[in-house]
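Let me begin by presenting the structure, written as structure tokens, before commenting on it.
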Amino acid sequence: VQLQASGGGLVQAGGSLRLSCSASGRISNIYVMGWFRQAPGKEREIVASIIWSGYVTNYADSVKGRFTISRDNAENTLYLQMNSLKPEDTAVYYCAARRRFTPSDGPFHYWGQGTQVTVSS
């Protein structure tokens, strides 16, 4: 599976961005997809996840009510709509996928290259 993230950029606080992640390869092997982020000097954290063939979503507390994860199975694309952005959302954002038959606390096996999101105050 190959993942290609895009859509990052520079935005003012309160603004919006939409990230996209295009998936290719053995898509049928994917069970969960997610968005992670890593800010300078901080550990990578999961932002949101979604069951690839379902509708169950999960969000980090810090983004609940502001970010929305979605997917378009026909286009094999994952999205992250980010609204009401804050300077603390500044980070490199990565999309990732977990294979089927992996425990819910297991690793994500496939990673995109990352896209920079910068929120100015």
Requested in this report: Kindly write out the residues that satisfy ring pair (Phe, Tyr, Trp, His ring centres under 6.0 Å) with Phe36, not counting sequence neighbours, or none if the list is empty.
Outcome: Phe108, Trp111
Query raised in the report: Are Val11 and Leu80 in one and the same hydrophobic cluster, where Ile, Leu, Val, Met, Phe, Trp and Tyr link if side-chain heavy atoms are under 4.5 Å apart?
Result: yes
Report task. With sequence neighbours excluded, tell me which residues meet salt bridge (Lys or Arg N to Asp or Glu O under 4.0 Å) with Asp105. Result -> none
Residues 49-58 side chain polar contacts: donor-acceptor under 3.5 Å, at least two apart:
none

Report summary line: Applied to residues 59-93, the ring pair (Phe, Tyr, Trp, His ring centres under 6.0 Å) test, sequence neighbours excluded, yields none
**Report entry** Closest heavy-atom pair and its distance - Asn76, Asn73
**Finding:** OD1-O, 3.0 Å
Query - For Gln2, all residues meeting side-chain hydrogen bond (donor to acceptor under 3.5 Å, both in side chains), sequence neighbours excluded - result: Ser24
Requested in this report: Taking side-chain hydrogen bond (donor to acceptor under 3.5 Å, both in side chains) as the test, write out the residues that go with Asp61, two or more places apart.
Outcome: Lys64
Can I get a per-line list of side-chain donor-acceptor pairs under 3.5 Å for residues 26-34, giving both atom names and the distance, sequence neighbours left out?
residue: Asn29; atom: ND2; partner: Tyr110; partner atom: OH; Å: 3.3

Report task. Any pair with a residue in residues 76-99 that passes salt bridge (Lys or Arg N to Asp or Glu O under 4.0 Å), sequence neighbours left out, goes on the list, sorted by first then second residue, please. Result -> Arg37-Asp89, Arg66-Asp89
Query - Residue list, side-chain hydrogen bond (donor to acceptor under 3.5 Å, both in side chains) with Ser70, at least two apart or on another chain - result: none
Requested in this report: Could you tell me which residues satisfy salt bridge (Lys or Arg N to Asp or Glu O under 4.0 Å) with Lys42, sequence neighbours excluded, listed by chain and number?
Outcome: none
Query - Leu3 side chain reached by Leu78 side chain, heavy atoms, under 4.5 Å - result: no
Report summary line: CD (Gln81) and CG (Leu19) are apart, to the nearest 0.5 Å, by 9.0 Å
Query raised in the report: Hey, does the side chain of Thr118 reach the backbone of Thr90 with a donor-acceptor pair shorter than 3.5 angstrom?
Result: no
Report task. Flag yes if Tyr94 and Leu17 sit in one hydrophobic cluster, no otherwise; membership is Ile, Leu, Val, Met, Phe, Trp, Tyr, and two members link when side-chain heavy atoms are under 4.5 Å apart. Result -> no
Report task. Give every residue pair that meets the side chain to side chain donor-acceptor pair (under 3.5 Å) criterion with at least one member in residues 5-23, sequence neighbours excluded. Result -> Ser16-Asn83
Query raised in the report: Side chain of Gln38, backbone of Ala91: donor and acceptor closer than 3.5 Å?
Result: no
Query - salt bridge (Lys or Arg N to Asp or Glu O under 4.0 Å) involving Glu75 - partner list, sequence neighbours excluded - result: none
